[in-house]
Amino acid sequence: MLQALGVMAVSALLLSAAVYRFERWRLARPGGPFAPVDFTGIIVLVSTAAGWILWSRNADPAQADKLMWLWMSAMLVFIVGAITDTPRPVRGLRPLATVIAAIMLHHAGIAVTTVKLPFSDSFVALGSFSIIVSVVWLCICGPTFSRVGSIPRLSLGITAQTCLAFLAIDILVPSHTAPVSVMVAASIALICLAQLPYTRYLIYGNATAGAYMFGVLIGAIAIEGALKHTAFLVAILPLLAISVPLFAMAYTAAADWIRGERRDFWSHTHYHLHEVLMQQGYSHRQVGIVILLGHAIICTHAVVLATLIHISFLVKLIVLIEGLLVALVVTYVALRLMKPAHPPTPHDEYDLLGVRIHRVTMKQAMQRVSEFITPGTPHIVVTTDAAGIIRANKDPQMREIINNADLVTADGAGVVLSARLLNLGIDTRVAGCDMVSEICKVAAGMGRSVYLLGAAPGVADKAAENLVRQTPGLQIAGIRDGYFAPEEEPHIIADIRAAAPAALFVALGAPRQEEWIVQHMDELGVPVCIGIGGSFDVISGLKPRAPIWMQRCGMEWLYRAIREPSRIPRLSALPLILWLPVNELVSATGGSPPPQAPGGAPPDQDPESHPSRDNTR
Ligand code: UDP
């Protein structure tokens, strides 16, 4: 067998390299005489022919016979698939070819003959229904796999993963071992992997014939290997292994139905799920990675399920559901944490759980601050963390303050992560503590002063010293601690107004500082008023700030919680801010797409940026 596999691998590599050269040559001559051809299918047929003939010489004649019928039915499906790989295919040809292939395979003994019912040890012989079940099964596998045929690299990757899963089942569960199934699974996986380095140029055109043939071959080895002896897994296991294309097919069908469109599922090359992700700005490579990741998780669960032969039905069901959920969550989270290669033109502001946040980097935030200072009218800047969002989510007054603020920045890893999960396009944290130094630089650059209000007596003075050291030329218009009686307020307000600073830092703790600013903003007349929580404590050196690496990893909250255990109750906002988006997605009808700026389609510069149904795979 090893010799046969070696021959297949070498021939697949050589053929792929030759096709690669040819396709590069063809591409350099647009409008040339050569029509696009599905070379993957040809490479598989040629390589398997060579390897299987070699294997058959030493194999049991019955097995060699099966392999021959399998190859012939694969060739039939491929040829008919290639003929129908046109924009206007002849309807019914592919189903007909699949039915004929199923009959050929049935004749060779590759058929579903018995079924074991769940919760029971007895097998039910299908008798003459066997042919019907086999036909139906192959009719599911072929078109389902052809769904991924038009997507660059995915068809080969998914096929290789599926075949490796079947191979693992064959090897790990000796009672399933069927030599033909092992041979086919190993050779298809190997040939697909051998072609991967060349996929960029391998196939052009709407070619799905190869993927269609893979579907039929995989359906056949499922019947021959895993399917034959597996009780509960009779249908579930192979369905699991092709769940990604199945899901995509269901998604396409649902999307078409909602739009009132009708398509021929046997021939068209539309892969809706992939396209939707591409429209969100993800590249082929990113979408491919995510889909293959989800598929790998599901395939691993399929293998685990196959090994759980003697475990109760309920446990198997739990493993099955867990596998699907894990794959769904992991792929969703991976997608959301990934930065789209071509992000849509972003909106200025986003709504996170009913709270408005501006999508700004520190540089853009400072640009806005200088725009606030120039006209001199009062503005409020809010930096909000997870606790602030949760508070505003529950407290209408606080929500109103934030939603009416002139600039709201995401201050906290929880907010950024939550925004990423909701695909809101906010991926930078603009922390209040950092804003203090930056605003000082802007004010100094404009020849203006700042006023420090808040924190314990002496702390703001020390913070002011440090700020002046950091920003030479900075003028301090005034300093006042944050422990004052209500009757002192008019005096403090008058002092600030008389000092006429460009910016007022208010460190009274949230939400009091924001409420105080809103209450007195007009009297104060300061262009930029910002609540900065415990920033003076940090800037003055009273409290250390988390190391840079912790800030970069979004772990500053952990550092503060360790240094100040009294802050631990506030951490309850973190799981909430991550849970609420999930809740929002579930309660929304299918989740809302990310907001698109008017005319904000992703730029189309990279040849990989769009799922080209007509030129790449
Ligand atoms: N503070 C104040 N007056 C008060 C209560 C608090 O000046 O009546 C100060 C306190 O000294 C601290 C800041 O407000 O410097 C609040 O810091 P904390 O870290 O609690 O606020 P957060 O950053 O969480 O909003």
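Hydrogens, waters and symmetry mates are skipped; everything else that's a heavy atom, side chains included, is used. Counting starts at 1 for both ligands and their atoms, in listed order. Remember, predicted model here, so these are calculated numbers, not experimental data.
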**Request:** Taking the side chain as every heavy atom from C-beta outward, state whether L474 and I476 have any pair of such atoms under 4.5 Å apart.
**Result:** yes
**Message:** I want to check a possible cation-pi pair here: R552 against Y559, using under 6.0 Å from ring centre and within 45° of the ring axis as the test.
**Reply:** no
**Asked** Would you call the rings of F536 and F505 parallel, tilted or perpendicular, where under 30° means parallel and over 60° means perpendicular?
**Response** perpendicular
**Request:** Identify whether the distance between the nearest side-chain nitrogen and carboxylate oxygen of K543 and E564 falls below 4.0 Å.
**Result:** yes
**Prompt:** side-chain contact (heavy atoms from CB on, under 4.5 Å) between I373 and V442: does it pass, once the steps are laid out?
**Reply:** CA-CA 9 Å; I373 295 175; V442 172; 4.1 Å; yes
**Asked** Exactly which residues line ligand 1, taking a heavy atom under 4.0 Å from it as the test?
**Response** G454, A455, A456, G482, Y483, A507, L508, G509, A510, R512, G533, G534, D537, R560, R567, R570
**Request:** Flag yes if more than 12 heavy atoms outside E400 fall under 6.0 Å of its CD atom; otherwise flag no.
**Result:** no
